[in-house]
There are 2 protein chains.
Amino acid sequence: MGKSSDENNTGSGVPAGIPEMAEIVGYKLRRAQLFVFQDFIETFEKIKLRPAEFSVLALIARTPGQKQTEIAEQLGIKRANFVALMDSLERRGLAERRKAEGDKRSHSLHLTPEGTRFVDKMSTVWRTHEERLVERLGGPEARATLLDLLGRLLGEKPA
Amino acid sequence: MGKSSDENNTGSGVPAGIPEMAEIVGYKLRRAQLFVFQDFIETFEKIKLRPAEFSVLALIARTPGQKQTEIAEQLGIKRANFVALMDSLERRGLAERRKAEGDKRSHSLHLTPEGTRFVDKMSTVWRTHEERLVERLGGPEARATLLDLLGRLLGEKPA
DNA sequence: CCTGGATTGTTTTGTTATATAACAATATAG
DNA sequence: CTATATTGTTATATAACAAAACAATCCAGG
């Protein structure tokens, strides 16, 4: 049963020791991520929402009142780059910055009423996207396994 | 046993229906890909090689003589963007364009002798990187499972 | 208190990846 | 032979991301 492709080399013209693209975790990870994002982007085109904006709204919705830097940090976004992102969400009337009490420097982030409604719709749209991925993966268990494995790469606790 | 985080909601302040970042396949996929690429980049810093360059060299090494567009296409790189990439590899003396026989438009890509030696070293370096990932994942089986799941997302045949 | 160092949000700038359009040279189909 | 397609290339635009600097504000030690 076809092993890892290089082990059973008949000595023809195939160079030894050189990895095959299909067995490179980083490469396949990148391709898969690109594919998933592509599906995400197409799915969310009708409500004009990018992945980064989605994640920001979801975080604010789940935990309102957090400071800009806190949200940005959780998402791995540099606070400098977060500014324009937040500007856009504010201009669209979905989220807002409120002067945090206690610290006059920081802003606490919240959804607007319209933002709350938008997040509901957004979540529904997301479910159709995620469901499509589950089908590709071959079921919810496969998805759970994938999330687990990705979590291990990220160094998350083994639950 | 701790279900998918939203199902067992005690009704406190946690909004319902809004996905948690940790359960979003696309998000976790992106974070994991970023992490793996980070490790790759750091690992390959000493031989000054980027992921894209790595993949090009590996493809040429495995199947020399292919045309530019063929290589680019396999990697999902637009042929316009491939030019600079190939220029760089050629300037470093690792790969070269030869005028393909038969078609005076196309170039067939090959490694230089130095390029061949470089690919050997590169493959060795890669193994240390990949091995680090395997450890994080918890063993070779986990890696195989991950590659399988990513393959499913990409629509590859179920082996 | 008050002063130096840290933090927050912001602007500016640069780099990299990626997409599109156009072009000349060449190939190919009818 | 001519119309159309392909190949490599250039030029250009956009988006993601990082780094540096800055003003306003906070905070800790003297």
Side-chain angles (χ1 to χ4, degrees), chain A residues 26-27 29-38 40-42 44-45 48-56 60 65-91 95-110, chain B residues 26-27 29-38 40-42 44-45 48-56 60 65-91 95-110:
Chain A
Y27 178 69
L29 205 45
R30 190 182 93 101
R31 297 304 294 259
Q33 188 256 312
L34 254 42
F35 171 84
V36 169
F37 262 48
Q38 193 53 42
F40 184 102
I41 290 169
E42 286 167 12
F44 281 83
E45 203 169 26
K48 285 273 170 281
L49 197 70
R50 300 160 166 287
E53 298 170 326
F54 175 93
S55 61
V56 171
I60 298 180
Q66 287 188 101
K67 292 185 299 178
Q68 262 188 223
T69 302
E70 288 173 342
I71 300 270
E73 218 161 63
Q74 289 176 67
L75 297 174
I77 301 174
K78 291 278 145 67
R79 70 187 195 283
N81 298 326
F82 190 85
V83 176
L85 227 175
M86 192 59 203
D87 284 347
S88 164
L89 294 177
E90 210 164 22
R91 256 182 279 115
E96 60 182 5
R97 302 180 232 229
R98 296 183 195 161
K99 42 191 58 174
E101 53 223 299
D103 193 331
K104 287 174 188 169
R105 295 169 302 178
S106 56
H107 296 157
S108 76
L109 306 187
H110 299 264
Chain B
Y27 177 70
L29 205 45
R30 190 182 94 100
R31 296 304 294 260
Q33 188 257 312
L34 253 43
F35 171 84
V36 169
F37 262 48
Q38 193 53 44
F40 184 102
I41 290 170
E42 287 166 11
F44 281 82
E45 201 169 27
K48 284 273 171 281
L49 198 69
R50 300 157 166 286
E53 298 170 326
F54 175 94
S55 62
V56 171
I60 297 179
Q66 287 188 101
K67 293 184 299 179
Q68 263 188 223
T69 301
E70 288 172 342
I71 301 270
E73 217 161 64
Q74 288 175 68
L75 297 174
I77 301 174
K78 293 276 145 67
R79 70 187 195 283
N81 298 326
F82 190 85
V83 176
L85 227 174
M86 191 59 203
D87 284 347
S88 163
L89 294 177
E90 210 164 22
R91 256 182 279 116
E96 62 183 3
R97 304 179 230 230
R98 295 182 194 160
K99 41 191 58 173
E101 53 224 299
D103 193 331
K104 288 173 187 168
R105 295 169 302 176
S106 56
H107 297 158
S108 75
L109 305 187
H110 299 264

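Naming: A, B, ... by sequence-line order, numbering from 1 per chain. The figures here come from the full heavy-atom set of this structure, side chains too, leaving out hydrogens, waters and symmetry mates.
Taking 4.0 angstrom as the limit, Lys67(A) places a side-chain polar atom (N or O) nearer than this to OP1 or OP2 of dT8(C).
Qualifying ring-ring contact (aromatic ring centres under 6.0 Å, His included) partners for Phe40(B), counting only residues two or more places apart in sequence or in other chains: Phe44(B), Phe54(B), His129(B). With sequence neighbours left out, the salt bridge (charged side-chain N to carboxylate O under 4.0 Å, His left out) criterion links Arg98(B) to Glu96(B).
For the pair Leu29(A)/Phe37(B), no side-chain contact is recorded, criterion being any heavy-atom separation below 4.5 Å from C-beta on. Residues Lys78(A) and Asn81(A) are in side-chain contact: their nearest non-hydrogen atoms beyond the backbone lie under 4.5 Å apart.
When the C1' atoms of four end pairs are superposed on the next four at each end of the helix from dC1(C)-dG30(D) to dG30(C)-dC1(D), using five pairs per end, the two resulting axes differ in direction by 20°, to 10°.
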For a quick test of your reading: what N or O donor-acceptor pairs under 3.5 Å do the side chains of residues 68-77 of chain B make, sequence neighbours left out?
{"from": "Gln68(B)", "atom 1": "OE1", "to": "Arg97(B)", "atom 2": "NH1", "distance (Å)": "2.7"}
{"from": "Glu70(B)", "atom 1": "OE1", "to": "Lys67(B)", "atom 2": "N", "distance (Å)": "2.9"}
{"from": "Gln74(B)", "atom 1": "NE2", "to": "Gln66(B)", "atom 2": "OE1", "distance (Å)": "2.9"}
{"from": "Gln74(B)", "atom 1": "NE2", "to": "Glu70(B)", "atom 2": "O", "distance (Å)": "3.3"}

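DNA chain C lies under 4.0 Å from at least one heavy atom of each of the following residues of residues 70-86 of chain B: Lys78(B), Ala80(B), Asn81(B).
For Arg105(A) and dT8(C), the CZ to C1' distance is 5 Å, given to the nearest whole Å. Gln68(A) places its CD atom 13 Å from the C1' atom of dT11(C), with the value rounded to the nearest Å.
In this structure, Gln33(A) and Arg30(B) approach most closely via the heavy-atom pair CG-CA, 3.7 Å.
Remark on DNA chain C: of its neighbouring residues Gly102(B) and Thr69(A), the 5'-side contact belongs to Thr69(A), judged by nearest-heavy-atom nucleotide. Of the residues near DNA chain D, Lys104(A) and Arg50(A), the one whose nearest nucleotide (by heavy atom distance) lies more toward the 5' end is Arg50(A).
Nucleotides of DNA chain D lying under 4.0 Å from heavy atoms of chain A occupy a range whose first and last members, 5' to 3', are dA15(D) to dC26(D).
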